[in-house]
Colleague: 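Structure in structure tokens, see below.
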Amino acid sequence: HSLCGRATSNSSVGGRATMAEFGATRHQTEERLPKATRVVNKAPADRQITAEQILREAKEIRLEDDNFKPPKQIITDPNELAEYRLRKRKEFEDMTRRVGRFSLQIWAKYATWEEQQKDFRRARSVWERALDINHRHLPFWLKYAEMEMRNRFINHARNVWDRAVTLLPRIDQLWYKYIHMEEMLSNVAGARQVFDRWMRFEPDHQGWMAYVKFELRYEEVARARQVFERYVQILPSVKAWVRYAKFEFKNGEVTLARQCYERATEEMGEDAQTEEFYIAFATFEEMSKEHDRARNIYKYALDHIPKAQAVALYQRFVTFEKQHGDRQGIEDVVVSKRRFQYEEAISQNPLNYDTWFDYIKLEEEAGDVERVREVYERAVSNLPPANEKRYWQRYIYLWIKYALYEELEADDSARAREVYRAALKLVPHHVFTFSKLWMLAAKLEVRSKRLDAARRILGTALGVAPKDKTFKSYIELELQIGNVDRCRILYEKYLEWSPANCHAWIKFAELEKTLGETARTRSIYELAIAQPVLDMPESLWKGYIDFEISEGERQRTRVLYERLLDRTKHVKVWLSFARFEATLLAALAAQDEQEQQEAQQAVSDDPGEGQVARCDTARAVYVRALRSLRETQPGAKDEAVMLLEAWREFEEAQTWRPKEEQQQSVQAVLNKMPKKVKRKRPVRTEEGLDAGMEEYWDWIFPEETGSAPHLKLLELAYKHKKQKLGGADDP
């Protein structure tokens, strides 16, 4: 090495001498080193960039780019390939050691990678280790066997399937896959052996039918028949026998198919008494052109199956008779059979009124009037067991249906009138009554043009057992006739009987309003609100206020609101009052949006209807409301917040005012808004024991800050935390 170094140095010296000989100067021939760069500004940059930031940005760019693909790693050196495999195996082993028992997918990825490397011995080892972890995990077996089949290791695949069905014999998918593989290999005998092993575990209907279809694919009809024999012995059900019979019929064995149905009735006994079985049996006989046999099967089934479970059977029977028999004759047979069933049910429980209704419907469809009347008389003779309305509610409809039948179907109004009269005498009106029965009797008289009789019936109803429905129906009848005086008398009786009924007061007032009787309407409302007890006072006050608004009486409406506020300080009343003061009367009385818009655009001559006056009055209402809520109901903070929100929206809606004034008004409301804070309070159980603390949101109004000096400290702490978090977010 030293000799080489000397030779190199000598050659370089010789080179310089040669260049000098050619006229090169020393400055041109000397070696120059780069100059050191001078740093002008040594201060740190404003934005510091770290290696972590560069990597993070690169990853974000890669995720945002949909077309990004990781670079391919091309390995050409065997040593590099071995190093790559060693690294990947180490990664997979670490993953299986850490999460192999919880994340089972890692085993599948490991085995798939080994398969891609064509190292099948290692791949099998991975699958076996995975099965040691959880041999009940179905995807392990499926992917293991698919790997063996994909790479044409048939014996290995057969071994895997055999172990799988041995360990998990109740999973049908494993058997199907195993059999499918044997069929793909044309190993029919092996597939049949697998089926025989499967059938020892007595699978469901689908498994047996798969075996039958397998035999039929290879035209083994005798073997398929043997499978069916085992099938019906292991799963003796209607579905199995019907499938067996259809198989025989499809193969042209009509006698054997009929024997299947007959054997089913003998071996299954009562279990064969189903609609599905008899429909299939009768359809088979019909397709075999044995119409008499099919008819007898239908009749036998209708006699032995409950009617609620034979709806489709009856429809099929009717369709069969339309095609092959006399419809009238079969209908008579069916009616007589059903009549016998109803008689049997009634004899067991004569108070089952639903059975009577079905029986009556059957007779009405038959069309025999005398028989229908006989059934009605027998039905209504079975009185309920006690004088309680819940027992009579279903029974009374027998009388109603009887009367309607006499009037509409039999066209005998006199008999219908007698039915209503008998029913009204039978009901114990001193205990309870039925308004519907009184009204139907009265409407029958109206349809018969006997108005006096209808009034007598309704008058008797009000005298014997008055009810709201009876009053309303009577008043509606008189209104339709146009007799206003009788309506007023009825309303007076109605209110004497039920003075707390706000609906009656409102309807009475609306009647007078439609007649143009303003003074009477106002008097009715005054009487109504003077009642000591009312069921819905809010609807009554609303009706009174709406009436005054419709009359254009702002001052009267304002007085009504003041009277209402004397009784209740509810926030909704204040909000309604303020909304009333802020809106034109014409807009309040408008019925639809178009009328409201026209009313808003119209200019009123009344100085009290001006924008300024309405705005000031409404604002005064909001001020009073807030003061009232805070003084009389200090705990109603949510209501106060609702009021302030409505007040703020009101101020923001005053766009006609100068912008500065509007902003000042809005700011004044915002200054009254409370602050939302989170607090804690103790929680106690029903027994009074301490159950810990719970957090809740509370409102702190400006006037309450003096009584809670710690709020200022909390506010400063919150600002400090916000500033600190804001500073931490800066880069």
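Note that the numbering runs from 1 along the sequence shown for the chain. Note that the structure is a prediction, hence the values are computed from the model and not measured.
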Colleague: Taking it one step at a time, do Glu182 and Arg158 satisfy salt bridge (charged side-chain N to carboxylate O under 4.0 Å, His left out)?
Modeller: CA-CA 9 Å; Glu182 296 293 352; Arg158 189 175 284 117; 2.8 Å; yes
Colleague: Kindly check if the number of other-residue, nucleotide or ligand heavy atoms within 6.0 Å of CG (Asp411) is above 12?
Modeller: no
Colleague: Could you measure the distance from the CZ atom of Arg295 to the CD atom of Glu285? Nearest 0.5 Å is fine.
Modeller: 12.5 Å
Colleague: Before accepting this row, confirm whether a basic side-chain N of the pair Asp94/Arg89 lies closer than 4.0 Å to the acidic partner's carboxylate O.
Modeller: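 Judged by the 4.0 Å cut-off on N to carboxylate O distance, Asp94 and Arg89 do not form a salt bridge.
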Colleague: Can you see which heavy atom on Ala123 is nearest to which on Ala111, and at what distance?
Modeller: CB-O, 3.8 Å
Colleague: Before accepting this row, confirm whether a basic side-chain N of the pair Arg394/Asp354 lies closer than 4.0 Å to the acidic partner's carboxylate O.
Modeller: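 Looking at Asp354 together with Arg394, the answer is yes, because their closest N to O distance falls below 4.0 Å.
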Colleague: Is the number of heavy atoms from other residues, nucleotides or ligands under 6.0 Å of Met693 CE greater than 12?
Modeller: yes
Colleague: Take Arg124 and Glu115, measure what salt bridge (charged side-chain N to carboxylate O under 4.0 Å, His left out) needs, and give me the verdict at the end.
Modeller: CA-CA 9 Å; Arg124 292 189 188 98; Glu115 181 187 358; over 6 Å; no
Colleague: Could you pull out the closest heavy-atom pair between Leu216 and Ala224, with the gap in Å?
Modeller: CD2-CB, 3.9 Å
Colleague: So Asp162 and Tyr178, do their side chains get closer than 4.5 Å, heavy atoms only?
Modeller: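 With C-beta onward as the side chain, the pair touches.
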Colleague: For Gln53 and Glu57, which I'm curious about, is there any donor-acceptor pair between the side chains at under 3.5 Å?
Modeller: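 A pair is found: one side chain offers a donor N or O, the other an acceptor, under 3.5 Å apart.
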Colleague: Side-chain donor-acceptor pair under 3.5 Å between Tyr376 and Glu406, yes or no?
Modeller: no
Colleague: Within a reach of under 6.0 Å around NE2 of His135, are more than 12 heavy atoms found that belong to other residues, nucleotides or ligands?
Modeller: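 Atom NE2 in His135 is packed in, count exceeds 12.
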Colleague: Validate the cation-pi geometry between Lys469 and Phe434: distance from NZ or CZ to the six-membered ring centre under 6.0 Å, angle to the ring axis within 45°.
Modeller: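 Ring-cation test returns no.
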Colleague: Under the criterion salt bridge (charged side-chain N to carboxylate O under 4.0 Å, His left out), I'd like the reasoning laid out for Arg170 against Asp204: C-alpha separation, chi angles, the key distance, then a yes or no.
Modeller: CA-CA 10 Å; Arg170 295 298 178 185; Asp204 58 1; over 6 Å; no
Colleague: Answer yes when Arg263 and Glu229 have at least one side-chain N-carboxylate O distance shorter than 4.0 Å, and no when they do not.
Modeller: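 Answer for the salt bridge query: yes.
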Colleague: When rounded to the nearest 0.5 angstrom, what is the spacing between CG in Leu235 and NZ in Lys239?
Modeller: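 That separation rounds to 10.0 Å.
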Colleague: Please determine whether a side-chain nitrogen of the Lys or Arg among Glu370 and Arg373 lies less than 4.0 Å from a carboxylate oxygen of the Asp or Glu.
Modeller: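 Between Arg373 and Glu370 there is a salt bridge, with a charged N closer than 4.0 Å to a carboxylate O.
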Colleague: With a 4.5 Å limit on heavy-atom distance, are the side chains of Arg121 and Asp119 in contact?
Modeller: yes
Colleague: For salt bridge (charged side-chain N to carboxylate O under 4.0 Å, His left out), just list the numbers for Glu114 and Lys109, CA-CA rounded to whole Å, side-chain angles, deciding distance to a tenth of an Å, and then say yes or no.
Modeller: CA-CA 9 Å; Glu114 292 290 358; Lys109 293 180 181 179; over 6 Å; no
Colleague: Verify the distance criterion only: is there a donor paired with an acceptor across the side chains of Arg98 and Ser103 at less than 3.5 Å?
Modeller: no
Colleague: So Tyr261 and Ile297, do their side chains get closer than 4.5 Å, heavy atoms only?
Modeller: no
Colleague: Count the heavy atoms of every other residue, nucleotide or ligand shown that sit under 6.0 Å from CD of Glu687, and state whether that count exceeds 12.
Modeller: yes
Colleague: Parallel, tilted or perpendicular, judged at 30° and 60°: which one describes the rings of Phe195 and Tyr211?
Modeller: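 Rings of Phe195 and Tyr211: parallel, under 30°.
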Colleague: A quick test of your reading: do over 12 heavy atoms of other residues, nucleotides or ligands sit less than 6.0 Å from CZ of Arg87?
Modeller: yes
Colleague: Please say whether more than 12 non-hydrogen atoms of neighbouring residues, nucleotides or ligands are located less than 6.0 Å from OH in Tyr397.
Modeller: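 Atom OH in Tyr397 is not packed in, count stays at 12 or less.
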Colleague: For a 4.5 angstrom cut-off between non-hydrogen side-chain atoms, does Leu398 reach Ile360?
Modeller: yes
Colleague: Under 3.5 Å, is there a donor-acceptor pair between the side chain of Asn151 and the main chain of Phe153?
Modeller: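 Flag not set: sc Asn151 to bb Phe153 has no pair under 3.5 Å.
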Colleague: Answer with yes or no whether the side chains of His304 and Tyr278 bring together a donor and an acceptor at under 3.5 Å.
Modeller: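 Per modelled atom types, Tyr278 and His304 side chains form no pair under 3.5 Å.
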Colleague: Quick one: closest heavy-atom pair of Ala282 and Ala294, and the distance?
Modeller: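 Smallest heavy-atom distance, with atoms named: O-CB, 3.7 Å.
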Colleague: Is any side-chain heavy atom of Val194 less than 4.5 Å from a side-chain heavy atom of Trp161?
Modeller: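 SC-SC contact between Val194 and Trp161 ruled out.
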Colleague: Among Trp356, Tyr359, Phe357, which residue meets the ring pair (Phe, Tyr, Trp, His ring centres under 6.0 Å) test with Tyr342?
Modeller: Tyr359
Colleague: Look at atom CD of Glu365 and say whether more than 12 heavy atoms of other residues, nucleotides or ligands are closer to it than 6.0 Å.
Modeller: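 Counting other residues, nucleotides and ligands, CD of Glu365 exceeds 12 neighbours.
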Colleague: To the nearest 0.5 Å, tell me how far Phe277 CZ sits from Ile305 CD1.
Modeller: 10.0 Å
Colleague: Is there a side-chain contact between Glu407 and Asp412 (heavy atoms, below 4.5 Å)?
Modeller: no
Colleague: Under a 3.5 Å distance rule, please check whether Thr685 uses its side chain to pair with a backbone N or O of Leu689 as donor and acceptor.
Modeller: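 A pair under 3.5 Å: yes.
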Colleague: Determine whether a donor-acceptor pair (N or O, by modelled atom type, separation under 3.5 Å) exists between the side chain of Trp241 and the backbone of Ala272.
Modeller: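 The answer is no, because no donor-acceptor pair under 3.5 Å joins these two groups.
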Colleague: Tell me, do Trp141 and Trp127 make a side-chain contact under 4.5 Å, heavy atoms counted?
Modeller: no
Colleague: Run the numbers on Tyr110 and Glu93 for side chain to side chain donor-acceptor pair (under 3.5 Å), then give the verdict.
Modeller: CA-CA 9 Å; Tyr110 191 5; Glu93 290 294 338; 2.8 Å; yes
Colleague: Considering only NZ, NE, NH1 and NH2 on the basic side and carboxylate oxygens on the acidic side, decide whether Lys401 and Glu409 come within less than 4.0 Å.
Modeller: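 Answer for the salt bridge query: no.
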Colleague: For Glu183 and Tyr218, run side chain to side chain donor-acceptor pair (under 3.5 Å): C-alpha distance rounded to whole Å, both residues' side-chain angles, the deciding distance at 0.1 Å, then the answer.
Modeller: CA-CA 11 Å; Glu183 278 200 84; Tyr218 298 99; 2.9 Å; yes
Colleague: For residues Tyr244 and Phe249, determine if any side-chain heavy atom of one lies less than 4.5 Å from a side-chain heavy atom of the other.
Modeller: no
Colleague: In terms of heavy-atom contacts, does CD of Glu694 have more than 12 from other residues, nucleotides or ligands at under 6.0 Å?
Modeller: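 Counting neighbours around CD of Glu694, more than 12 heavy atoms of other residues, nucleotides or ligands fall under 6.0 Å, so yes.
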Colleague: To the nearest 0.5 Å, how far apart are OH in Tyr395 and CD1 in Ile400?
Modeller: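 Rounded to the nearest 0.5 Å, the OH-CD1 separation comes to 11.5 Å.
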Colleague: Kindly state whether the ring of Tyr231 and the ring of His205 have centres lying under 6.0 angstrom apart.
Modeller: yes
Colleague: Between Arg258 and Glu248, is there a side-chain N and carboxylate O pair less than 4.0 Å apart?
Modeller: no
Colleague: Do the rings of Trp175 and Phe201 sit parallel, tilted or perpendicular, given the 30° and 60° boundaries?
Modeller: tilted
